[in-house]
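Note sheet for the following structure.
All figures in this text were calculated on a predicted structure; none of them were measured in a lab.
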Amino acid sequence: MTNPNETATAQPEALTPDEARKLPKLLEKAQAGDAKALVEVRPLLDKSGLWDYVGNLSNRVETSWLEAMTGRNKLVREGYERQAATMRRDLLENGDSPLERFLVDRVVLTWLQVSHADIAYASALKGD
């Protein structure tokens, strides 16, 4: 999921064709705990600017909440994703500071969490 308040620093096109071909395999190995693959993938992530994507906890948290809330329901998931994107767009302005962008992310993530809790509570009250 793309976060509209992120700065676009990723430049996968900065990789050579050979590097771009190696990247997915190295990422898979590094994610599986291969220390050698991690050493090899670091410069590729530096060169492409993909560290921001890999290390973006806000995106990871949002994805996790959306998965918990929607399961396999792609329609509802897209609706929630669009609502979160609209909230970000409405709350952010050009030139906002990193702190303001961080706070908007927290507002959106908290909205997801509280909404999930409300849905779960209402379902429990109805006996679902």
Handout entry: Phe102 side, atom CZ; Ser97 side, atom OG - distance, nearest 0.5 Å
Key = 11.5 Å
Practice task
Please examine the side chains of Leu27 and Leu45, heavy atoms only from C-beta on, and report whether any two atoms are closer than 4.5 Å.
Solution key: yes
Problem - Residue pair Arg60 / Thr63, side-chain heavy-atom distance below 4.5 Å - result: no
Practice task
Could you tell me the separation between the CD atom of Glu62 and the CH2 atom of Trp111, rounded to the nearest 0.5 Å?
Solution key: 8.5 Å
Problem - Non-hydrogen side-chain atoms of Thr16 and Lys47 separated by less than 4.5 Å - result: yes
Exercise for the section: Work out which heavy atom in Trp51 is nearest to a heavy atom in Arg42; give both atom names and the distance. Expected result: NE1-O, 3.6 Å
Handout entry: Note: Lys22-Asp18 ion pair, threshold 4.0 Å (strictly below)
Key = yes
Handout entry: Over 12 foreign heavy atoms within 6.0 Å of CD, Glu28
Key = no
Fill in the blank from the handout: Sequence neighbours excluded, the answer for side chain to side chain contact (heavy atoms under 4.5 Å, CB included) partners of Leu91 is Val104, Val107
Problem - Among Arg88, Arg82, Arg89, the one residue meeting side-chain hydrogen bond (donor to acceptor under 3.5 Å, both in side chains) with Thr86 - result: Arg89
Practice task
Scan for ring pair (Phe, Tyr, Trp, His ring centres under 6.0 Å) pairs involving residues 18-43, sequence neighbours excluded, and state none if there are none.
Solution key: none
Practice task
To the nearest 0.5 angstrom, please state how far the NE2 atom of His116 sits from the CG atom of Asp118.
Solution key: 10.5 Å
Practice task
Determine, stepwise, if the pair Arg72 / Glu67 fulfils salt bridge (charged side-chain N to carboxylate O under 4.0 Å, His left out).
Solution key: CA-CA 8 Å; Arg72 295 181 355 191; Glu67 287 170 0; over 6 Å; no
Exercise for the section: Please answer whether the main-chain N or O of Glu93 pairs with a side-chain N or O of Asp96 as donor and acceptor at a distance below 3.5 Å. Expected result: yes
Exercise for the section: Kindly compute the distance separating OG (Ser64) from CG (Leu112), expressed to the nearest 0.5 Å. Expected result: 11.0 Å
Per-pair distances, 0.1 Å, donor-acceptor, side chain in residues 31-41, under 3.5 Å, sequence neighbours excluded:
from, atom 1, to, atom 2, distance (Å)
Asp34, OD1, Lys36, N, 2.9
Asp34, OD1, Ala37, N, 3.0

Problem - Presence of salt bridge, Glu78 and Lys74, under 4.0 angstrom - result: no
Problem - Minimum-distance pair of heavy atoms, taken over all atoms of Asn56 and Ser58 - result: OD1-N, 3.1 Å
Exercise for the section: Look up atom CZ in Arg21 and atom CG in Leu26, then write down how far apart they are to the nearest 0.5 Å. Expected result: 12.0 Å
Practice task
Mind checking the CD-CG spacing from Glu81 to Leu66? Nearest 0.5 Å is all I need.
Solution key: 5.5 Å
Exercise for the section: Report yes if the side chains of Met69 and Ser115 come closer than 4.5 Å at any heavy-atom pair, otherwise no. Expected result: yes
